[in-house]
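A short worksheet on the structure shown next.
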Number of protein chains: 2
Amino acid sequence: MEISGPASTREHPAAHVTGALERLTRFLVRLGPRGDLSLTAVGTLGTLERSGPCRLTELAAHEGVTQPAMTQLVSRLQESGLVTRTSDPDDKRVVQVRITDAGRAALAGRRETRAAMLAELLDQLSEDERASLVAAVPAIDRLTHLAPEDR
Amino acid sequence: MEISGPASTREHPAAHVTGALERLTRFLVRLGPRGDLSLTAVGTLGTLERSGPCRLTELAAHEGVTQPAMTQLVSRLQESGLVTRTSDPDDKRVVQVRITDAGRAALAGRRETRAAMLAELLDQLSEDERASLVAAVPAIDRLTHLAPEDR
DNA sequence: CATGCTTATATCACCACATTATGTATCCGT
DNA sequence: ACGGATACATAATGTGGTGATATAAGCATG
């Protein structure tokens, strides 16, 4: 039994963490206000808010869905008034998608709702447990920014 | 500004943790082997493995989906040979759903796959980051077992 | 012990969101 | 100016969800 493989440092943690993250995922997905925006919609709006207007194809790649899926999503978001489609004057093929004030508001509202729900749950944890979650946030952020193109 | 409300201890952590968990959720959902079992299917199989045979309605409530959705899911799982439907002799209305060996195997296989994928990503983190995730596992487990009936 | 409410599941019609394959318009290099 | 590449839209399809409603079994009661 080797002390440390070149890549996988002891597999116990991975299995352990994986199980927890699986359960967490299902838990968080089910937590949401049911009739609301899809996960991809939230991600897309977030990207638009963070990085400004963006072409449709870039958005699709960034959110990890196909271009047609993004076309449909943007259409729905546009109908709901959360984004606008404006065609680029320089290249009339491209569509610039831009978040609207209503979109920002929807995003903020959702965040507030979810934060409130989570806060309520976090309150039921011990001080130590909360602290351990807060301490894990940087690692979680690193994790979510890893491997953006290996898929 | 009160030092501690009766319920919500400082809201900074909640907002902070919420954002991270939102991103994590999208990340993990998109990580999965695409053509595989749905999130609800995995949850259901997991519940059956953990708690033994269960009525359909209980399963639906436990997984947070409607009864028709669970009826459909169980039908699909049954067709795939991952569960069995047996009608309760005491109350002929109820259906007992039971996981099969194939179901357990599917679950184990999936876990292995995901653990491997995650292990690969965890390897890209620093030792400290990994440690912080491992340390957060108990809190995550507590969290996911909270509020099972408040919805 | 028949009538009627409740409970457990199934079925139906529909919708949201994704995929692949393909169409259409625009740009660009030779 | 033509031909291929690029950006987006459209079409056909699949999966997994919802609410409304049907069916059938249990249960309570007059």
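Worth saying up front: this structure is predicted, and the values here are computed from it rather than measured.
Screening A:Leu133, A:Ile140, A:Thr25 for a side chain to side chain contact (heavy atoms under 4.5 Å, CB included) with B:Leu21, the sole residue that qualifies is A:Ile140.
Between A:Thr71 and the phosphate of D:dA9, there is a side-chain N or O to OP1/OP2 separation shorter than 4.0 Å. Between B:Thr40 and D:dG17 there is a side-chain N or O to OP1 or OP2 distance below 4.0 Å. For C:dT9, neither phosphate oxygen OP1 nor OP2 lies less than 4.0 angstrom from any side-chain nitrogen or oxygen of B:Arg55. Not one side-chain nitrogen or oxygen of A:Thr66 sits closer than 4.0 Å to the OP1 or OP2 atom of C:dT20. A close approach under 4.0 Å does occur between a side-chain nitrogen or oxygen of A:Arg76 and OP1 or OP2 of C:dC17.
Both A:Leu39 and A:Asp91 lie near DNA chain C, and the one whose nearest nucleotide falls closer to the 5' end is A:Leu39. If you find the closest nucleotide of DNA chain D to A:Pro68 and to A:Val94, the one lying nearer the 5' end belongs to A:Val94.
In the model, A:Gln67 has a side-chain atom that pairs as donor or acceptor with a side-chain atom of A:Thr71 under 3.5 Å. For the residue pair B:Ser75 / B:Arg85, a side-chain donor-acceptor distance below 3.5 Å is found, with atom types taken as modelled. Using modelled atom types and a 3.5 Å distance limit, the side chains of B:Thr84 and B:Gln78 yield no donor-acceptor pair.
Evaluation of atom-type donor-acceptor distances gives a pair under 3.5 Å for the side chain of B:Arg93 against the base of C:dT7. Side-chain N/O atoms of A:Gln67 and base N/O atoms of D:dA7 include no donor-acceptor pair closer than 3.5 Å.
At a threshold of 4.0 angstrom between heavy atoms, the contacts of A:Asp90 are confined to the sugar-phosphate backbone, with no base atom among them. No contact: A:Ser75 has no heavy atom under 4.0 Å from any strand. Counting non-hydrogen atoms under 4.0 angstrom, B:Ser38 reaches the backbone sugars and phosphates but no base.
We find that CG of B:Leu37 is positioned 13 Å from P of D:dT15, with the value rounded to whole Å. What separates CZ of A:Arg85 from P of D:dA7 is a distance of 16 Å, to the nearest Å. The interatomic distance linking B:Glu63 (CD) with D:dG16 (C1') rounds to 14 Å, in whole Å. Taking atom CD on B:Gln72 and atom P on C:dC15, their separation rounds to 16 Å, with Å as the unit. Atom CG of B:Asp88 and atom P of C:dT7 are 17 Å apart (whole Å). Between A:Met70 atom CE and C:dT19 atom P there is a gap of 10 Å when expressed in whole angstrom units. The NZ atom of A:Lys92 sits 16 Å away from the C1' atom of D:dT6 (whole-angstrom rounding). Spacing between atom CG of B:Leu56 and atom P of D:dA24 amounts to 17 Å, rounded to whole angstrom units.
Between B:Arg130 and B:Glu127 there is a salt bridge, since at least one side-chain N of the basic residue sits less than 4.0 Å from a carboxylate O of the acidic one. Using a 4.0 Å cut-off between a side-chain N of Lys or Arg and a carboxylate O of Asp or Glu, B:Glu49 and B:Arg104 do not qualify as a salt bridge.
Of the candidate nucleotides D:dG26, D:dC8, C:dT19, C:dT19 has the atom nearest to the side chain of A:Ala69. The A:Val95 side chain lies nearest to D:dA9 when the options are C:dT26, D:dA9, C:dT9.
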